[in-house]
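Everything below concerns the one structure shown next.
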Amino acid sequence: MRDRFGIVFLATVLIALGAAAQPDSTASPSVTILETQEAQSILGRDVRSLTDEDMGRIVDILVDGEGGVRAAIIDFGGFLGVGNRKIAVDWKALHFVPAAGKRYSVVLELTRDQVKAAPEYKEGKPTIVLGASGNLEPLP
Amino acid sequence: MTEPLPPSPPHPSRRSLGRLDWFVFLVADVQTGFGPFVAVYLTTQHWTQIEIGLVLTVSGLVSLAGQMPGGALVDAARSERIVAGVAVSLIAASALIYATSPIFPAVLVAATMQAAASCVLGPAIAAISLGLVGYAAIGERFGRNARFAAVGTGLSAAVMGAIGYFFSAQAVFFVTAALLIPALFVLRGIVSAEIDPERAHGNPSGQPAGKPRAGLRSLLRQRPLQIFGCCILLFHFANAAMLPLMGSVLTTRSSQWATVLIGACIVGPQLVVALFSPWVGRQAQRWGRRPLLLVGFAALPIRGFLFATVTDPYLLVVVQLLDGLTAAVFSVMVPLTIADLTRGTGRFNLTQGVVGTMMGVGASLSPTFAGYLSDAFSSRVAFLGLASIAVLGLATVWLLMPETRPPARSPSLNRQAVVGPLP
């Protein structure tokens, strides 16, 4: 279990629930109210495939310079901390389905067979992102 | 409690021995609740990877630095039972903290507490065992301890894995904390008067308290101990990364069955340990320590080599059973060899801490080394690299490690001569 010692230094995205900051600091900021069905935290959320396979959970999110979300890091596979691997999947391959309950179900458009062979995500190295078609594409 | 110390040879009651079995079993259950579940649980609590990594690093450092102070504490204690009770209570308390308040400062305290208490609990169990049964029967007793620990670990890995899967990682911590009650109950059942505190520290029994113990420096200068420490370091260096590396190889090769196969890789070796460790304990008394150490160590490079060559996922699980053989040998031989080497020094538990530190160093080098090799080359090269470290360790045992079993039927007076003069 000591393999988790490597600390992943990565800026984590805060999903801004408040409105964008106003340039004028004296004016009160505008306020937007989001219903729980409209926006949710997704860190640590379980991911399922289209056929309801267990695809692990979201542990991190990668953004580019424009603030666009490029990829999610999922912690995939394994049992009791053995054999799990962090894999980057294309943000567009993830779907957030408002469920009848309180939480979105997170669905990944890939199967376990497509994800299992993907290279492990390593911070500080070029990220290889698994696209919706199951192809590997390096992030620029 | 107030009875005078029982004279040697020891006569532990069946009740005490049975309760010790159960205590070892329950402690293994409690410890399984940590480790794997901490990272998963904190992830579900929206913790970032950086924070989780920090907590795990701190707890790793505490459990490395705490080994020797933990052992020294057990040597200094007059009641091993109370020490063990306090340690297991702290671990349960930290499980409760995890479950109820997953905020950073609280979790940091809980992780530190759990790591520090574990440094005390391991030696305390070995000390209770030695204090109860004495040197003549300790090989078999350590074998029994290893059996109950393996059953506890295997069973709770399966049960807590299921709880984590079907309920939540949080539920795992509540179950872990609740195990404190039966653990303290069975600990109370071990009759305190039967645990000779002097014997538990590695002194001849009935010795008046307050006799000066061997100095740490003279202890560390013992050549057999230095060699044994190096063997243990090399063993964990070669061993620690093997299962995790094999697990991630399994994950890449098999999708449907990977989880089940990895589960089998964790539980399978525990079954082997449970079956064989009492036998190992008995044979250690009959054949001596060296042959068993050699067999256990030899299985490690073989396993590394087979992991590098076998590709079938099901065969990999079979190969992993060799881990059980190695673990059965080492879980008995490590405390037993330490007990041999510290006879009459009063430093049995401190020395366990010394060897525990070597173990921790080896185990923390292992993933770095294997990770580097598998990134730079391939997992096959990593397995072969680990196997060559294991060969190095095997050679150390073969060429340098002396037999530590005291001569058969030696009267207790002569025992000290085996490990050299007292300071």
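Residue numbers start from 1 in every chain, and the chains themselves are labelled A, B, ... in the order their sequence lines are given, proteins ahead of strands. Note that the structure is a prediction, hence the values are computed from the model and not measured.
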[X] side chain near [Y] side chain, heavy-atom distance below 4.5 Å:
| X | Y | answer |
| --- | --- | --- |
| Thr43(B) | Asp75(A) | no |
| Met160(B) | Leu80(A) | no |
| Asp375(B) | Lys125(A) | yes |

I need the [X] [atom1] to [Y] [atom2] distance, nearest 0.5 Å.
| X | Y | atom1 | atom2 | value |
| --- | --- | --- | --- | --- |
| Lys86(A) | Gln49(B) | NZ | CD | 4.5 Å |
| His46(B) | Ile42(A) | NE2 | CD1 | 10.0 Å |
| Asn84(A) | Thr259(B) | CG | OG1 | 10.0 Å |

Requested in this report: Flag yes if more than 12 heavy atoms outside Phe96(A) fall under 6.0 Å of its CZ atom; otherwise flag no.
Outcome: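 Yes, enclosed.
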Report task. Evaluate whether atom CZ of Phe167(B) has more than 12 neighbouring non-hydrogen atoms of other residues, nucleotides or ligands under 6.0 angstrom away. Result ->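 No, not enclosed.
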Requested in this report: Check for a donor-acceptor pair, side chain of Thr251(B) on one end and backbone N or O of Gly83(A) on the other, with a separation under 3.5 Å.
Outcome: yes
Report task. Measure Asp54(A) against the heavy atoms of chain B and call it side chain, backbone, both or neither at under 4.5 Å. Result -> side chain
